[in-house]
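Here's the structure we're looking at; comments come further down.
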Amino acid sequence: MTRSQPKSKLGLFLIATAVVVLAIYLLFRFEGALLTYLHIHMTPRAQPETIINVFKLILRAALAYLVVRALRSLLFGLIFRLKRGYEAPTLARNIFSIVAFMIFFILIFTDLFPSINLGAVFTTSAIFGVILGLALQDTLGNFFAGISLHADRPFQVGDVVSIGQQRLTGVVEGITWRAIKIRTFQNHLVLLSNSSVAKEAIEVCPRNNLNARLVFFSTLYTDSPAKVIHVVREAVREANNVSEKITPIVRVRNLGESGMEYEVKYWPEDYARYNDTDALVRQRIWYAFRRAGLTFNFPTRTVKLDRKSKTAGPESDHGALIERLSAVDIFAPLTVEETATLAKSAVRHVFAHDEMVIRAGDAGSSMFVVHSGRVQVQVSDNGRSRPVAVLNEGDFFGEMALFTGEPRTANVVALEETEVLEIGHESMKELFNTNPDLVESLSHIIAERRLGLANRSDGPLQDDESAGIIASIRRFFRLK
């Protein structure tokens, strides 16, 4: 609804009210003259007073209708919304209008026609009422079922509901005197009669409530349950639309025939998006398994082959890692053998889009090289993350944690599916033990990188920086 529509409706209401009030005033002002005119020009059997009273009834009923509309807007449009925080159901508003108008109409009719007994009128029309009731049986059933649903208030507009044995699921878009309007997750609009809904079992997920979801997966029996639970919980809690108020729960669901079966219980912030969130949670579990070396349980078959494969996948893959590390500036002082040793001990990790690789403030003793994909470096600026750089294939980050043990200074987030190589503390320690001169060579490169980031190139400052880094490396790796 545009902003001009409420204003136009208010304008039409005020004009209609003014016209009705003016007509009532004119009828009251010239009632005597009008009666005289009707007595003169009408037959003696005619009753001018009755005609005047009929006009009065029509005008007063019109005014009563306008008053009821104003009361409904005031009661349900302002007071109800302010106290409850949501719009009143259409059925409740319609019932209020009908009952209020009937009360006003009976009072007006009794005042204008006191000699007519309304009770007698309704009694003589009992047969007609029975016929009309039978004809409107379904309509009245839906009407009273709607009243029952509103009295119990099992759901409201915006809630996700599942109705009946067929499990029709969707978001409630409207509740009228006849039916309930549901928008399914296939974007189909379904109308269910109130009488049929009142007979079915209804599962309600209120929109202002944290409703839990369950996602299932299974692993091999060789995988540690403690490790699986920790890895999956940390992966799920950082997914979009997963509430931060309640930590996801991962637990063993069953000991299956060929693996352990788990369930993940999490609470989405917007339950209407649970299909997309379930898919994202499964995706995050897959990537977390890939990084942690865990394996999903699936049917397997052992096949024995006579001929050996001629492919050299692992060897060629190892050669690609050596080539990648050889192109990294910080490892330039290493020999080919030392680079090969480092590549052999490097750990490969795969991250999904928008996943956190490292977090600022966390302790660490390793660095990372981007093998494929892209990552974004983010720093905290007044409590908000601000991007400062994008690293592509061959770039590296986290080197100070590897060589000096300093905490992480920035967040690094994957911009797409990204594979990184993690160089650990033990791998570098082994190289330092066999070649102590590497400490000084690497310290100069690290000092140049840090001073370059700080836009400084003075010789004495670089020497001091390098000396400080040498001392930190020796202390962290416990070198003499």
Side-chain angles (χ1 to χ4, degrees), residues 321-335 338-349 351 356-380 387-414 418-457 461-479:
L321 296 184
I322 295 176
E323 183 179 356
R324 173 65 70 198
L325 296 180
S326 300
V328 178
D329 296 339
I330 200 170
F331 297 134
L334 302 182
T335 63
E338 291 170 341
T339 305
T341 301
L342 201 62
K344 186 177 181 180
S345 61
V347 181
R348 305 171 70 165
H349 300 293
F351 291 86
M356 189 81 68
V357 181
I358 60 174
R359 189 186 302 275
D362 287 352
S365 59
S366 61
M367 66 170 289
F368 299 86
V369 177
V370 181
H371 191 44
S372 63
R374 297 180 304 139
V375 298
Q376 184 181 74
V377 182
Q378 302 174 352
V379 297
S380 179
V388 295
V390 175
L391 305 181
N392 300 303
E393 295 180 4
D395 293 333
F396 61 94
F397 56 92
E399 69 278 2
M400 295 308 298
L402 171 63
F403 292 109
T404 65
E406 294 182 6
R408 308 294 187 187
T409 58
N411 296 330
V412 178
V413 181
T418 302
E419 183 178 6
V420 297
L421 307 178
E422 183 178 12
I423 310 300
H425 178 269
E426 294 299 327
S427 303
M428 289 304 305
K429 182 176 177 59
E430 182 179 350
L431 293 180
F432 287 150
N433 289 335
T434 57
N435 188 359
D437 294 335
L438 285 176
V439 176
E440 185 173 353
S441 301
L442 293 175
S443 67
H444 286 295
I445 297 176
I446 297 173
E448 290 178 0
R449 174 178 169 85
R450 295 189 66 177
L451 293 172
L453 292 175
N455 297 323
R456 297 182 301 177
S457 59
L461 288 176
Q462 181 174 331
D463 293 340
D464 294 342
E465 187 79 14
S466 178
I469 293 175
I470 290 175
S472 298
I473 293 176
R474 292 186 181 277
R475 181 170 58 254
F476 185 57
F477 285 89
R478 298 178 180 178
L479 303 175

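Since this is a predicted model, take the numbers as computed values, not measurements.
- S427 and S345 share a donor-acceptor pair across their side chains, judged by distance under 3.5 Å alone.
- Ring geometry for F368 against H349 counts as tilted: the plane angle lies between 30° and 60°, on a 0 to 90° scale.
- Nearest approach of D395 to N392, heavy atoms of both residues: OD2-N, 2.8 Å.
- Side-chain contact between L421 and R324 is present, with at least one heavy-atom pair separated by less than 4.5 Å.
- Taking CG of L402 as the start and CD of E399 as the end, the distance is 8.5 Å to the nearest 0.5 Å.
- Within a 6.0 Å sphere centred on CD of E430, other residues, nucleotides and ligands contribute 12 heavy atoms or fewer.
- Counting heavy atoms from C-beta outward, L342 and M428 have side chains that approach closer than 4.5 Å.
- Between F432 and V439 there is a side-chain heavy-atom pair separated by less than 4.5 Å.
- Counting only heavy atoms from C-beta outward, the side chains of P333 and L438 approach each other to under 4.5 Å.
- The minimum heavy-atom distance between A414 and V357, with the atom names listed, is N-CG2, 4.2 Å.
- Side-chain contact between V370 and V375 is present, with at least one heavy-atom pair separated by less than 4.5 Å.
- For the pair V412/Q376, no side-chain contact is recorded, criterion being any heavy-atom separation below 4.5 Å from C-beta on.
- Rounded to the nearest 0.5 Å, atoms CD1 (I423) and OG (S366) are 9.0 Å apart.
- The shortest side-chain heavy-atom distance between T339 and F331 does not fall under the 4.5 Å cut-off.
- Scanning both residues, I322 and A343, for their nearest heavy atoms gives CG1-CB, 3.7 Å.
- Once rounded to the nearest 0.5 Å, the distance linking CD1 of I358 with CZ of F351 reads 9.5 Å.
- Between R408 and A401 the shortest heavy-atom distance is NH1-CB, 3.2 Å.
- From F396, atom CZ reaches atom CE of M367 across 5.5 Å, with rounding to the nearest 0.5 Å.
- Between the N435 side chain and the L431 main chain, no donor and acceptor come within less than 3.5 Å of each other.
- Contact annotation: the side chain of L391 never approaches that of R374 to less than 4.5 Å [non-hydrogen atoms, C-beta and beyond].
- Contact detail for V379 and A410: the closest heavy-atom pair is CG1-CB, 4.1 Å.
- Remark: the E393 side chain and the S372 side chain contain no N/O donor-acceptor pair separated by less than 3.5 Å.
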Next item on the list: Might you work through the side-chain contact (heavy atoms from CB on, under 4.5 Å) test for H371 and V420, ending with a clear yes or no?
Entry: CA-CA 5 Å; H371 191 44; V420 297; over 6 Å; no
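- Between the CG atom in L325 and the CD1 atom in I330 there is a gap of 11.5 Å [rounded to 0.5 Å].
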